[in-house]
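Atom set for the values below is all heavy atoms of this structure, side chains included, hydrogens, waters and symmetry mates excluded. First the proteins, then the strands, lettered A, B, ... as listed; each starts at 1.
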Amino acid sequence: MNILGDLNNITDPLDFKDTKVPKLFEIDSLLRCHICKEFLSAPMLTNCGHTFCSVCIRKYLIHTPKCPICSKELRESNLCRNVLLEQTVLSYKNLRPDLLENLQIPKEIPQISNSESKEQDVEVIENIDDDDDVVIIEEPKKRKSEANNIGQLFKKQKEKQPGKDKSRCPICQKIFHRDILEQTTHIDTCSPKSEHDSSSLPNSSLSPSSPKKKQDLQTRSSTSNQNSPAPSSISFHFQPKEPTTDLKKLTKLDFSSLSNSALKQRLTKLELPVTGTRNQMEARYNEYLILWNANCDSINPKNPKILRKSLSQWENSLKFKNNSGDDKQLDKNSWNQLISQAKKSALKVKKDNKDEEDDEKNDTNVDLKGNDEVQETNDPDESFPELKTSSQEQFFNA
Amino acid sequence: MTTSILTSTLQTIKTNWQTMSVRQRLLKEYRTLEHNNLDGINPILTENLHLLYADIKIFDNELYQDTYRVKIMIPEQYPYVSPVVIFMKSTEDNINTIPIHPHIYSNGHICLDLLGPAWTPIQTINSLLISLQSILASNSRNERPSDDEKYVAKAPKNPSKTRFVYHDETI
C-alpha cells in the first residue's frame with residue numbers, strides 16, 4: 001500500500017509556517033472548508049454568511065439543519081453558489097506549489113567564505129555612500145589588509161556598471177556612450193529582441209543598470225515564458241464557463257410512498273445499479289443525490305460517469321467495512337515516519353492497561369510477519385475492537 | 001487467488017474519497033496538534049489512526065494536581081460525528097485518578113454537550129482538548145455527578161450510547 005504517497009500529498013496551511021512568508025498561513029486556511037479541511041470545492045454560501053464545500057454541507061444538513069459554525073437554522077434550499085470564491089480557490093490551488101517552491105527557506109545555509117562576506121560588507125557601505133568615490137571606501141584602516149579584495153570588487157563593479165558618460169539603452173539594454181544615445185538615432189532604430197524585453201522597459205529606464213534587477217527581470221520574463229498555461233487559465237477565470245449541459249438538480253424522494261419498481265425506475269433513469277436490498281437502493285439514491293447536486297454547484301462539473309464511479313467506490317467501501325473492517329492502519333513505515341515526526345517534543349508511545357487487546361494484536365503481528373499481505377489486512381479489524389462493536393455499527397445501521 | 005482479490009479491494013480503498021477524506025483530515029489535525037504544542041496538553045498518537053490519547057494538566061486549580069489521561073476514539077463518520085472521549089487510568093504511567101468533577105463519572109465517562117449534540121464538524125481534536133482542559137480548570141465543586149453510582153452500575157461501555165441530559169449550563 002502506497003500510503004507514503006498520500007502522506008506527502010496532504011496539503012496543510014502549516015506548510016507555509018516554515019517559508020519566507022509565514023503569513024500565507026492565513027489565506028491558505030481561509031480558502032479551506034471547515035468540515036473537510038481541504039480546499040473548498042464548489043463552495044456554497046449559507047444565508048448566515050459562512051461557506052463550505054457543497055458535498056460537505058449537504059451531508060451535514062441531512063442530520064442537522066443548522067449551520068455548523070453559528071448554529072443558525074439552515075436548509076439545503078438556502079445554500080447559494082459562490083462562483084468568485086470557487087475561481088479564487090482554483091487559481092490559488094494552481095499558484096500554491098509555485099509559492100511553496102519559491103518561498104522555501106534553503107535548508108542548508110550556504111557557507112560564506114571570508115572574502116565573500118567582506119564583499120558584502122563593502123557593498124553595504126557603498127550603498128550608503130551616494131558618491132561613487134572609490135577612495136572613501138578604502139579609507140578605513142581596518143580594511144587595508146583587504147585592499148586586494150576591495151580592488152577586485154571594484155573592478156567587478158566597474159565592469160557591471162556603466163560609467164558616468166555611458167548609459168544603457170532603455171530598449172535593447174546595451175550600454176552605449178551617452179553621445180550615441182542622445183545624438184544619434186539609435187533609439188529610433190533600436191528594436192527590442194523580444195516582447196518580454198520591451199515589457200520590462202519602464203523599470204529599466206527608471207533604475208539604470210543595477211545588475212540584480214536586470215537578473216530579476218530576466219528570470220521573471222523567463223518564468224512567465226515557462227508557465228505558458230497561466231495566461232490561458234487567467235482568461236478562463238475572466239470568462240467562467242457556465243455548465244454547457246443542462247444540469248438539473250435531483251430532488252429528494254419520498255421513499256415511503258414509492259414502490260420498489262418505481263424506485264428501480266428512478267435508478268435506471270440515472271443509470272445507477274438496481275441491485276441490493278431496498279435499504280441499499282435508498283442509500284444509493286441519497287448518496288448520489290448529494291454527489292449530483294454538489295456537482296451542479298461546481299463551475300466545471302464532472303462527467304456523470306465520474307460521479308457514478310465514486311458512488312460505486314463509496315458502496316464498495318461500505319461493504320468492505322461491514323465484512324472485514326478497513327484500512328484504519330497505515331503501513332508501518334509511514335506511521336513510524338509520522339510518529340517520529342510527532343514525537344520530537346512528545347513522550348514515547350505509551351500503552352495502557354486497558355489495551356491488552358493491543359498486546360495480543362502485537363503478538364499476532366509477530367506471527368504474521370513472515371507471511372504475505374493477506375493476513376496483514378486482517379489485523380486492523382482486531383486492532384480497534386471497541387469502536388467497531390459500538391459506534392461503528394450504530395452509525396452504519398442508521 | 002486470495003491475494004489478488006485482496007489487493008484489488010485494497011485498491012478500491014485507496015481511491016475511496018470518503019475514507020481518504022477522514023484520514024486526511026485526521027493527519028492534518030495531528031500535525032496541527034503537534035505544531036500548536038498546547039500548554040498542559042500532551043497528545044500521544046498510536047499506531048491506529050483512529051485512536052489517540054492525551055495527557056492533560058490543569059494549572060491554577062487546587063482540585064486537579066495530577067495529570068489526567070483521556071482516550072479519544074474517532075469514528076468512521078468523523079467529523080460529522082463527534083469522537084468518543086473518556087478519562088482513563090493507566091497503571092504503567094502512574095495516572096491513577098479520574099478527575100472529580102460534577103460532570104465526569106467515576107468510570108471516566110464525560111457528560112459534555114460538545115461530545116454529543118453540540119458537536120459540529122468545525123470542532124477539532126485540538127478544540128476538544130482545550131474544552132476539556134477548561135471545564136476542569138473552571139470547576140470549583142469537588143464532587144461527582146449526583147447519579148454517579150446509578151450510572152456507573154449500568155453504563156454501556158461506550159459513552160456515545162448514553163443519552164446524557166445536559167441540565168447544567170453553569171459549568
Side-chain angles (χ1 to χ4, degrees), chain A residues 1-3 6-7 9-10 12 14 17 34-38 56 59-60 63-64 66 68-69 71 310 313-314 316-317 320-321 326-330 332 335 338-339 341-347 349-354 358 372-374 377 380 383-384 386-387 389-392 394-396, chain B residues 2-3 6-7 9-10 12-21 23-25 27-35 37 42-51 53 55 69 71 73-77 79-81 84 88-93 95 117-118 120-122 124 156-158 160-161:
Chain A
M1 294 170 70
N2 184 20
I3 296 175
D6 297 342
L7 273 178
N9 285 339
I10 287 173
D12 190 275
L14 285 175
K17 279 290 181 191
H34 283 283
I35 297 178
C36 64
K37 310 284 179 202
E38 292 292 325
C56 296
K59 281 197 170 181
Y60 179 75
H63 303 289
T64 329
K66 284 177 179 175
I69 293 180
S71 303
S310 56
Q313 282 167 357
W314 171 79
N316 282 336
S317 79
F320 191 66
K321 273 176 210 158
D326 69 323
D327 63 332
K328 281 176 210 132
Q329 283 194 321
L330 297 167
K332 284 209 162 171
W335 249 128
L338 189 77
I339 289 177
Q341 268 176 11
K343 285 297 150 193
K344 273 175 192 167
S345 62
L347 300 171
V349 179
K350 290 168 186 171
K351 283 174 186 167
D352 56 277
N353 51 352
K354 272 196 180 181
D358 261 350
D372 55 8
E373 59 181 307
V374 178
T377 52
S383 68
F384 207 36
E386 205 170 324
L387 251 190
T389 50
S390 53
S391 54
Q392 200 169 323
Q394 191 187 2
F395 299 131
F396 274 104
Chain B
T2 45
T3 327
L6 264 160
T7 42
T9 359
L10 283 176
T12 348
I13 312 163
K14 238 193 283 179
T15 45
N16 180 293
W17 67 271
Q18 202 187 20
T19 14
M20 284 311 297
S21 62
R23 168 193 284 160
Q24 290 201 347
R25 176 168 159 153
L27 289 174
K28 285 176 196 193
E29 284 200 43
Y30 293 157
R31 216 179 136 189
T32 321
L33 262 182
E34 190 53 36
H35 180 268
N37 203 4
N42 177 29
I44 304 161
L45 300 183
T46 67
E47 286 193 9
N48 188 332
L49 193 60
H50 287 245
L51 174 68
Y53 302 95
D55 286 349
R69 176 167 295 179
K71 180 179 186 179
M73 292 163 284
I74 292 147
E76 274 303 315
Q77 292 73 21
Y80 295 98
V81 169
V84 178
M88 57 179 296
K89 297 176 185 177
S90 164
T91 44
E92 200 181 307
D93 298 308
I95 291 171
T120 75
I122 65 157
T124 60
K157 207 178 171 187
N158 186 326
S160 68
K161 287 191 173 173

Q: Please report the closest heavy-atom contact between A:His34 and B:Arg25, naming both atoms and the distance.
A: O-NH1, 3.5 Å

Q: Which residues pass the side chain to side chain contact (heavy atoms under 4.5 Å, CB included) test with A:Pro68, not counting sequence neighbours?
A: A:Ile35, A:Phe52, A:Ile57, A:Tyr60, B:Thr120, B:Pro121, B:Ile122

Q: For A:Lys17, is it the side chain, the backbone, both or neither that has a heavy atom under 4.5 Å from a heavy atom of chain B?
A: side chain

Q: What is the distance from atom CG of A:Asp12 to atom CG of B:Leu27, rounded to the nearest 0.5 Å?
A: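 So the gap between those two atoms works out to 10.0 Å.
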
Q: Give a yes or no on whether the backbone of A:Lys37 and the side-chain of B:Lys28 come within a donor-acceptor separation of less than 3.5 Å.
A: yes

Q: To the nearest 0.5 Å, tell me how far B:Tyr80 OH sits from A:His63 NE2.
A: 8.5 Å

